[in-house]
Amino acid sequence: MTKSASRPEVLRYTAFSSDPAGGNPAGVVLDASALDDGEMLAVAAELGYSESAFLTAPPEGLDGPEGRTYRIRYFSPRAEVPFCGHATVAAAVALAERQGPGPLLFATQAGPVPVDVTAAEDGTLWATLTSVEPHIEEVADADLTEALAALDWPSSGLDPAFPPRIAYAGARHLVLAAATRARLADLDYDFARLETLMHRLDLTTVQLVWRESPTLFHVRDPFPVGGVVEDPATGAAAAAFGGYVRELGLVPEDAVLLLRQGEDLGRPGKLRVTLRAGDPRVRVSGAGVRIG
């Protein structure tokens, strides 16, 4: 895809990895003011990444860093989504390369999302987003049964220490914990069946997790509603998961968790989730780098 008189430049970045071949790729349009909704969707579909980010001028009245505050929208190849973590990181890194590291503020459909970009000693840029306030809700027994059937997972394959819940931190995700790493690795699901359930429950992804240690988790995220079999690194789900484990008392109020994702796809990425006592929001951090 090349820049033309009618279409702004579309950048390609990967998030949650410093290797262009790792993490989750996203399209980034730093000035999407000339694009309507259909054109944004067309750009996202042409790229084929799980999401792309489109930036425009901030809404009036939003109090953020001068010259570093934007409205941001996210499109998968099939539809707009309210919030996307990896495309937020990608957009923040793209801006930092042009404006320098520092604070940013993005107005998302889910609410304002601050992002702070820092540079490591080796020059790698790291972005930390702060989610909207998370919450979790129960999953109906019939919906859980349908999700497991679509995944072809037996109920005995779940970790009883992590009860199924729908978790939200800007977008809704069904959290299911595998009892073993082998169960997590065995992902061959019914795309259409899971997609139908996810549309009915208004889910963005299903977050499948396996706990290796008290602070280390392996995760996978089927994303059929976006037209993608699996998301390689999912910042929105990581934020929702942080809210989930804290609300259920599965980790301390102050905690730093590492989520490893994408290894089963050959695109390994690392997502750092930080929880702070007294602040309900969740911070998700990761590296980002331009592709090509």
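Predicted model only: the values in this text are computed from it and were never measured.
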Can you name the closest pair of heavy atoms from [X] and [Y] and give their distance?
| X | Y | result |
| --- | --- | --- |
| Pro59 | Ala107 | CD-CB, 3.7 Å |
| Gly242 | Val273 | CA-CG1, 4.0 Å |
| Gly23 | Pro232 | O-CB, 3.5 Å |
| Glu51 | Phe223 | OE2-CZ, 3.2 Å |
| Ala287 | Ser18 | CB-N, 4.0 Å |
| Val228 | Tyr189 | O-OH, 4.0 Å |

Do side-chain atoms of [X] reach the backbone of [Y] as a donor and acceptor pair under 3.5 angstrom?
| X | Y | result |
| --- | --- | --- |
| Arg71 | Pro58 | no |
| Gln261 | Thr234 | yes |
| Arg193 | Thr196 | no |

Say you draw a straight line from NE2 of His173 to OH of Tyr168; how long is it, rounded to the nearest 0.5 Å?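 So the NE2 of His173 and the OH of Tyr168 are separated by 9.5 Å.
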Walk me through it: do Leu95 and Leu55 pass the test side-chain contact (heavy atoms from CB on, under 4.5 Å)? CA-CA 10 Å; Leu95 288 168; Leu55 278 61; 3.7 Å; yes
By side chain to side chain donor-acceptor pair (under 3.5 Å), which residues pair with Ser17, not counting sequence neighbours?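 In terms of side chain to side chain donor-acceptor pair (under 3.5 Å), with neighbours along the sequence ignored, Ser17 is linked to no residue.
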List in chain and number order the residues that pass side chain to side chain donor-acceptor pair (under 3.5 Å) with Glu137, two or more places apart in sequence or in another chain; answer none if no residue qualifies.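 With neighbours one apart ignored, the set is Arg172.
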Under the side-chain contact (heavy atoms from CB on, under 4.5 Å) rule, what do Asp143 and Leu197 come out as? Steps first, then yes or no, please. CA-CA 8 Å; Asp143 293 332; Leu197 175 67; 4.0 Å; yes
In this structure, would [X] and [Y] fall into the same cluster of hydrophobic residues linked by side-chain contacts under 4.5 Å?
| X | Y | answer |
| --- | --- | --- |
| Ile72 | Leu105 | no |
| Trp126 | Tyr13 | no |
| Trp210 | Leu144 | yes |
| Leu158 | Leu201 | yes |
| Leu259 | Leu265 | no |

Quick check: are there more than 12 heavy atoms from other residues, nucleotides or ligands sitting under 6.0 Å from [atom1] of [X]?
| X | atom1 | answer |
| --- | --- | --- |
| Asp254 | CG | yes |
| Asp141 | CG | no |
| Gln109 | CD | yes |
| Arg276 | CZ | no |

With under 30° as parallel and over 60° as perpendicular, where do the rings of Phe162 and Tyr244 fit, or are they tilted in between?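 Rings of Phe162 and Tyr244: parallel, as their planes differ by under 30°.
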Under the side-chain contact (heavy atoms from CB on, under 4.5 Å) rule, what do Met198 and Leu174 come out as? Steps first, then yes or no, please. CA-CA 9 Å; Met198 291 174 68; Leu174 174 60; over 6 Å; no
Can you find a heavy atom in the side chain of [X] that is under 4.5 Å from one in the side chain of [Y]?
| X | Y | value |
| --- | --- | --- |
| Leu258 | Lys270 | yes |
| Val282 | Phe241 | no |
| Ile136 | Val175 | no |

Taking only residues two or more places apart in sequence or in another chain, which ones pass salt bridge (charged side-chain N to carboxylate O under 4.0 Å, His left out) with Asp264?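 Listed in chain order: Arg181, Arg220.
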Is it true that Glu146 and Arg200 have a side-chain N and a carboxylate O under 4.0 angstrom from each other?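 No, Glu146 and Arg200 are not salt-bridged.
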Reference residue His86; test side chain to side chain donor-acceptor pair (under 3.5 Å); the match among Asp231, Asn24, Thr14: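 Answer to the side chain to side chain donor-acceptor pair (under 3.5 Å) test with His86 among Asp231, Asn24, Thr14: Asn24.
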Going through the checks in order, is the side-chain contact (heavy atoms from CB on, under 4.5 Å) test met by Phe83 and Leu129? CA-CA 12 Å; Phe83 176 64; Leu129 67 87; 4.0 Å; yes
